[in-house]
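Have a look at the structure below before the remarks.
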Amino acid sequence: MAFMSEVNMSFSHYMDDEYEKLFRRMNPPRVVIDNEACKNATVIRVDSANKHGILLEVVQILTDLNLIITKAYISSDGGWFMDVFNVTGQDGNKVTDEAILDYIRKSLGPESCVTSPMRSVGVKQTTDHIAIELMGTDRPGLLSEVSAVLTNLKCNIVNAEVWTHNTRAAAVMHVTDEESGSAITDPQRLSIIKELLCNVLGGGNKKRGAKTVVTDEATHTERRLHQMMFADRDYERVNDDDDFDEKQRPNVNVVNWSDKDYSVVTIQCKDRPKLLFDTVCTLTDMQYVVFHANIDAEGPEAYQEYYIKHIDGSPVKSDAERQRVIQCLAAAIQRRVSEGLKLELCTTDRVGLLSDVTRIFRENSLTVTRAEVATKGGKAVNTFYVRGASGFPVDSKTIESIRQTIGNTILKVKGSPEEMKSVPQDSPTRSLFSGLFKSRSFVNFGLVKSYS
């Protein structure tokens with residue numbers, strides 16, 4: 001009987017999926033892009049058959065193109081989904097690049113029907129690397145230790161994103177074998193990688209564990225980071241005296257609109273890139289459906305209003321559930337807030353580069369609060385947000401010392417909170433170390449030791 005039940009459930013899921021595909025073919029999505037309707041933004045209208053997660057798919061595509069969503073109007077009552085987005089490029093101007101506009105049409109229009117409606121947008125299956133997901137207790141030097149372990153195990157980090165929030169750290173790293181440049185497949189070697197990284201992540205914290213997952217499945221990195229931190233319950237405040245600026249704390253409220261059986265979520269906070277993605281991602285992963293929404297982010301402050309129901313059709317039922325929605329949305333907004341000094345590194349990529357750079361940060365008592373690591377055309381393009389010891393502002397002399405060690409033209413300071421005097425060219429002292437930093441010999445200094 002249990003076997004027959006499983007067969008019936010599988011068949012039912014198959015039929016639902018086939019019906020959804022048929023519905024989409026009969027009612028193909030439509031995308032209209034208009035550069036004349038609005039004075040200062042490109043207007044993108046998307047009409048499509050409705051399904052759970054469709055709003056996230058659309059927002060994810062626009063966000064992955066680094067477009068800024070200044071306004072949005074969403075309506076998805078019934079079986080149809082209608083969205084209007086006002087977007088600009090990073091420069092604040094309308095989007096006129098035909099390649100980008102054509103990509104939007106193909107990704108959101110009728111051609112998107114040829115793929116499964118449950119696809120993960122913006123993710124391509126790949127066999128050229130493995131993905132390592134890390135979750136553990138945050139502490140100074142953690143990224144340095146993790147990257148040093150991987151370098152010692154002959155692994156090359158080609159891409160990585162690291163978030164920290166509420167004493168927790170999450171990372172997704174794309175790693176290749178140092179010699180072959182391809183994915184690592186040896187089960188024994190993968191087991192050793194997991195074991196050693198778990199030891200590093202544990203950090204002596206027995207109350208909250210560490211987790212390492214190695215997979216060859218492609219996922220959307222930023223969504224996965226949200227899911228990992230949500231599963232780790234990072235939204236539960238450790239204490240009320242953390243170092244997050246109270247003035248920056250988002251104002252999130254949830255009330256029930258009894259006449260229409262909706263719950264209305266309102267968010268007011270400082271605007272920043274990818275804010276809409278972060279809130280929509282969280283609502284979707286918490287199994288809420290957005291029926292209507294109004295987004296306004298034309299100024300320094302962002303205002304978001306969502307009319308939601310749980311996927312089972314009910315509004316928020318209790319005060320405990322309401323508080324959980326508020327906590328989770330606030331955490332989703334804060335995870336990506338760029339605390340600290342922004343440092344950008346651009347140089348020729350090589351194995352062990354991340355380990356070397358983060359070791360220099362650590363030796364100068366800098367803590368990495370967030371990091372984006374990418375390899376493009378043989379170049380390492382990395383962004384780090386750093387703070388001083390115990391959360392204090394970064395000292396300008398420390399930064400200049402680090403820049404002279406790494407190279408003033410290689411490491412640049414962005415958005416400094418204080419007047420940093422830039423050295424226009426590498427100093428004579430720097431030239432003595434240039435060959436050392438570029439060579440592999442820097443790796444041979446050995447693994448860093450834990451300060452914890």
Side-chain angles (χ1 to χ4, degrees), residues 132-150 157 159-173 197-198 200-205 207-213 221-245 248-250 272-275 278 281-282 327-345 354-355 357-359 361-362 364-373 382-394 415 417 448 450-452:
I132 300 179
E133 299 176 355
L134 307 172
M135 192 76 224
T137 303
D138 185 31
R139 67 178 187 278
L142 180 60
L143 178 58
S144 173
E145 293 185 42
V146 167
S147 53
V149 166
L150 289 171
I157 302 170
N159 292 290
E161 189 144 354
V162 182
W163 292 358
T164 63
H165 178 244
N166 202 11
T167 76
R168 303 297 286 170
V172 175
M173 296 182 166
L197 288 177
C198 259
V200 171
L201 288 167
N205 189 327
K207 293 183 179 180
R208 301 191 71 174
K211 186 177 182 181
T212 303
V213 176
T221 299
E222 292 169 341
R223 185 176 186 189
R224 188 70 194 116
L225 285 167
H226 275 303
Q227 291 172 336
M228 290 164 61
M229 285 200 142
F230 173 73
D232 191 63
R233 304 175 73 89
D234 75 312
Y235 52 86
E236 295 179 344
R237 300 281 298 280
V238 174
N239 57 64
D240 291 328
D241 298 321
D242 63 16
D243 56 7
F244 194 89
D245 188 348
Q248 291 185 328
R249 193 174 301 283
R272 61 163 174 76
K274 302 188 178 183
L275 177 64
D278 294 337
C281 181
T282 299
Q327 287 180 324
C328 290
L329 286 171
I333 294 168
Q334 292 171 2
R335 286 171 196 147
R336 208 199 289 261
V337 170
S338 302
E339 294 184 79
L341 185 67
K342 182 179 180 180
L343 302 178
E344 291 184 352
L345 180 141
L354 182 62
S355 174
V357 172
T358 53
R359 176 174 179 166
F361 291 165
R362 177 182 181 138
N364 284 274
S365 300
L366 294 188
T367 298
V368 178
T369 60
R370 191 159 69 86
E372 299 172 9
V373 177
N382 302 343
T383 301
F384 304 95
Y385 293 88
V386 299
R387 290 184 297 182
S390 302
F392 288 109
V394 181
V448 291
S450 173
Y451 289 165
S452 58

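Index from 1, following the sequence.
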Task: Minimal non-hydrogen separation, Ala210 against Gly202, with atom names - done: CB-N, 3.7 Å
Task: Gap between atom CZ of Arg370 and atom NZ of Lys342 - 0.5 Å precision - done: 8.0 Å
Task: Close side-chain approach of Val357 and Asn382, heavy atoms under 4.5 Å - done: no
- [ ] Taking all non-hydrogen atoms of both residues into account, name the closest pair between Gly340 and Arg387 and its distance.
- [x] CA-CG, 3.7 Å
Open item on the list: Between Thr164 and Thr369 (side chain of the first, backbone of the second, donor and acceptor by atom type, cut-off under 3.5 Å), is there such a pair?
Closed with: yes
- [ ] Locate the shortest heavy-atom distance separating Gly388 from Thr367; write the atom from each residue and the value.
- [x] O-OG1, 4.3 Å
Task: Contact check, side chains of Glu133 and Gln227, non-hydrogen atoms, under 4.5 Å - done: no
Open item on the list: I'd like to know whether NZ of Lys211 has more than 12 heavy-atom contacts from other residues, nucleotides or ligands below 6.0 angstrom.
Closed with: no
TODO: Kindly compute the distance separating CG (Leu366) from OG1 (Thr358), expressed to the nearest 0.5 Å.
DONE: 11.5 Å
Task: Minimal non-hydrogen separation, Ser355 against Ser147, with atom names - done: CA-OG, 3.4 Å
- [ ] Working to the nearest 0.5 Å, report the span between OG1 of Thr167 and CD of Glu236.
- [x] 11.0 Å
Open item on the list: I'd like to check Phe361 versus Ser144 (side-chain heavy atoms, cut-off strictly below 4.5 Å). Are they in contact?
Closed with: no
- [ ] With rounding to the nearest 0.5 Å, note down the distance linking SG in Cys328 to CD1 in Ile333.
- [x] 11.5 Å
TODO: Can you measure from CD (Gln334) to OH (Tyr235) and round to the nearest 0.5 angstrom?
DONE: 14.5 Å
Open item on the list: Name the residue from Arg223, Met135, Arg168 that meets the side-chain contact (heavy atoms from CB on, under 4.5 Å) definition with Met228.
Closed with: Met135
TODO: Evaluate the side-chain proximity of Leu150 to Met173: yes if any heavy-atom separation is below 4.5 Å, no if none is.
DONE: yes
Open item on the list: Does any part of the side chain of Leu197, heavy atoms only, come nearer than 4.5 Å to the side chain of Ile132, both counted from C-beta?
Closed with: yes
Open item on the list: Using the ring pair (Phe, Tyr, Trp, His ring centres under 6.0 Å) criterion, which residues pair with Tyr385? Sequence neighbours excluded.
Closed with: none
TODO: Give, for atom CH2 of Trp163 and atom CG of Asp234, the distance between the pair rounded to the nearest 0.5 Å.
DONE: 10.0 Å
Open item on the list: Taking side-chain hydrogen bond (donor to acceptor under 3.5 Å, both in side chains) as the definition, give me every residue that meets it alongside Asp278, ordered by chain and number, with sequence neighbours left out.
Closed with: His226, Arg272, Arg336
Open item on the list: Within the structure provided, determine whether Glu161 and Val373 are in side-chain contact (heavy-atom separation under 4.5 Å).
Closed with: no
Task: Any Thr221 side-chain heavy atom under 4.5 Å of Asn159 side chain - done: no
TODO: Can you see which heavy atom on Arg362 is nearest to which on Gly141, and at what distance?
DONE: NH1-O, 3.1 Å
